[in-house]
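Remember, predicted model here, so these are calculated numbers, not experimental data.
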Amino acid sequence: MITRAMGQPGRVFHAVHHALALADEQSPVITLAAFFHDLVYLKLDDGFPPDFRPIATRLFLPEEHGFRWLAHAASFHESLCAAVFDIQPDDLLRPERGLNEFSSALWAANALGGLLPPCILLSVLACIEASIPFRTREDRDLDQEEFLRLELVNTRFACALSERALRSAVAFARDFANRDVMGFAHPVPAFFLSDTLALVEENARVAIRQGSDLSQAYLKALVAMLCFLDGLAPSAVFRGKDCSVGQARNQYLMDNLRMGCLALRLLIIASVVWQTNPNTSMASVTQENLSPSMQELADLLRNVTTQSPSLQGLLSLAQSRMISLCENTAIARNQLARCFFDGELNAESYLLSALA
């Protein structure tokens, strides 16, 4: 079931290896959440996985902008799942607002409900709910919000968790939420960028399926990822404040976001060159022509791994464009690229001029 759902053609990052990476042999709750949390991903799979469709047909009413939750059709375990996610009867569910995670949790509730006592199932479902990303804000205490919500669920469904056990469930959920995004703070920037390009590849495949040609698909996916990283508040990534470990993690996060945005800008420039001059040479970069900061970026790109031939080609081309970015040339197109690379132009303005 898990390999069928996560082995579909649109999956690159959100594949079986991602679930296995999050598993913890010391924690069955974390491991079960890891295996189930990304089973449903509507955009990547072009709909619900075949094995989940009978559940979706029974519980979701399709509408123009999402799916209506049919609470009256839910079993005990499915109702428990909805309560953990704070889903109310007749709520409209959308993929960008947790529908993927909720659907994955419903699948877990159906698969595990007859095997686990409600107290354990609640904790697994809470971990999957916590994997809805980027909700942390300095003015919110997500741990306390989750504790109060689970306390109500515990009472309503007679799960018989003590206050200590509820606090433990919240801690599991926080740990799992942070595990799921830990790649953002990997101490090796190339690891972060490799994961980022796997996400780009997933989005490019979606664009190709929707009718974009190859070069347009990768350009769209790169721009979308740059806009996402540029607009991501570092404080929204991780839950909790854990002293020195948190400080080191946050520094890695800041460094990865900075280098990731630079790399994406360079890859977008390479993609524009690819579109405007498909016969451009992808020669290797000449190291002695680079400034120290560009050398750091060259080292990063050289250590990035991707299984995508298109992205590998763009990586090679991006490195060859570094030399022209370092030169003070009067070529208008190169000046435009330099302004975009330095952050003086946003992606939309750059593309309007570069592709004109």
Side-chain angles (χ1 to χ4, degrees), residues 19 22 24 27-41 48 52 55-56 58-60 66-136 140-181 239-240:
L22 297 183
D24 183 350
S27 174
V29 167
I30 293 291
T31 298
L32 287 171
F35 289 162
F36 281 92
H37 81 291
D38 273 337
L39 287 191
V40 177
Y41 209 127
F48 292 110
F52 182 73
I55 300 172
R58 178 168 51 85
L59 297 177
F60 298 148
F67 296 86
R68 191 70 61 181
W69 167 240
L70 302 178
H72 65 274
S75 67
F76 172 84
H77 296 119
E78 292 163 347
S79 298
L80 171 65
C81 181
V84 169
F85 277 72
D86 198 22
I87 304 291
Q88 304 302 316
D90 297 322
D91 271 358
L92 183 64
L93 309 174
R94 302 179 182 181
E96 68 274 14
R97 297 184 180 177
L99 175 57
N100 292 322
E101 291 84 358
F102 180 47
S103 299
S104 299
L106 283 172
W107 206 345
N110 275 271
L112 303 175
L115 304 174
L116 301 177
C119 58
I120 302 299
L121 181 63
L122 181 149
S123 192
V124 173
L125 298 177
C127 287
I128 299 175
E129 192 279 336
S131 71
I132 300 174
F134 313 121
R135 296 178 292 171
T136 302
R140 291 182 65 185
D141 186 341
L142 287 181
D143 283 6
Q144 183 61 16
E145 288 180 21
E146 184 157 30
F147 174 79
L148 294 174
R149 187 175 69 254
L150 294 185
E151 192 175 40
L152 292 174
V153 176
N154 184 47
T155 301
R156 176 182 167 190
F157 291 89
C159 296
L161 274 76
S162 65
E163 179 178 346
R164 181 177 178 181
L166 282 172
R167 297 285 182 193
S168 178
V170 171
F172 276 129
R174 181 182 64 245
D175 178 33
F176 186 73
N178 287 339
R179 280 171 176 260
D180 197 27
V181 293
R239 278 178 59 171

Would you find a donor on one side and an acceptor on the other, under 3.5 Å apart, between the side chain of [X] and the backbone of [Y]?
{"X": "Ser131", "Y": "Ala177", "result": "no"}
{"X": "Arg179", "Y": "Leu22", "result": "yes"}
{"X": "Asn154", "Y": "Leu161", "result": "yes"}
{"X": "Ser168", "Y": "Arg164", "result": "no"}
{"X": "Thr155", "Y": "Glu151", "result": "yes"}

### Query
side-chain contact (heavy atoms from CB on, under 4.5 Å) between Ile30 and Cys127: does it pass, once the steps are laid out?
CA-CA 7 Å; Ile30 293 291; Cys127 287; 4.3 Å; yes
### Task
Only one of Asp141, Asp143, Asp175 passes side chain to side chain donor-acceptor pair (under 3.5 Å) with Arg239; say which it is.
Asp143
Atom [atom1] of [X] and atom [atom2] of [Y]: how far apart are they, to the nearest 0.5 Å?
{"X": "Asp180", "Y": "Ile132", "atom1": "CG", "atom2": "CD1", "result": "11.0 Å"}
{"X": "Leu106", "Y": "Ile128", "atom1": "CG", "atom2": "CD1", "result": "9.5 Å"}
{"X": "Glu146", "Y": "Leu166", "atom1": "CD", "atom2": "CG", "result": "10.0 Å"}
{"X": "Leu152", "Y": "Phe157", "atom1": "CG", "atom2": "CZ", "result": "11.0 Å"}
{"X": "Ser104", "Y": "Leu99", "atom1": "OG", "atom2": "CG", "result": "9.0 Å"}

If every non-hydrogen atom of [X] is compared with every non-hydrogen atom of [Y], which pair is closest and at what distance?
{"X": "Asp24", "Y": "Thr31", "value": "O-OG1, 2.7 Å"}
{"X": "Ala108", "Y": "Leu125", "value": "CB-CD2, 4.4 Å"}
{"X": "Ser123", "Y": "Val29", "value": "OG-CG1, 3.6 Å"}
{"X": "Ser79", "Y": "Ala74", "value": "OG-CB, 3.6 Å"}
{"X": "Pro133", "Y": "Glu101", "value": "CD-OE2, 3.9 Å"}
{"X": "Leu121", "Y": "Gly113", "value": "CD2-CA, 4.1 Å"}

### Query
Could Glu163 and Arg167 be called an ion pair, given the rule that one side-chain N must be under 4.0 Å from one carboxylate O?
yes
### Query
Does the pair Glu78/Arg58 count as a salt bridge with the N-to-O cut at 4.0 Å?
yes
### Task
Describe, in one word, how the ring planes of Phe60 and Phe52 are oriented to each other, choosing from parallel (under 30°), tilted (30 to 60°) and perpendicular (over 60°).
tilted
Atom pairs and distances, donor-acceptor, side-chain atoms in residues 80-98, under 3.5 Å, two or more places apart:
| unit_1 | atom_1 | unit_2 | atom_2 | d |
| --- | --- | --- | --- | --- |
| Asp86 | OD1 | Gln88 | NE2 | 2.9 |
| Asp91 | OD2 | Gln88 | N | 2.8 |

#### Entry: Test of ring centre spacing under 6.0 Å for Phe48 and Phe67
yes
### Query
So Arg135 and Glu145, side-chain contact (heavy atoms from CB on, under 4.5 Å) or not? Walk me through it.
CA-CA 12 Å; Arg135 296 178 292 171; Glu145 288 180 21; over 6 Å; no
### Message
Within the 4.5 Å heavy-atom criterion, are Leu116 and Leu32 side-chain neighbours or not?
### Response
yes
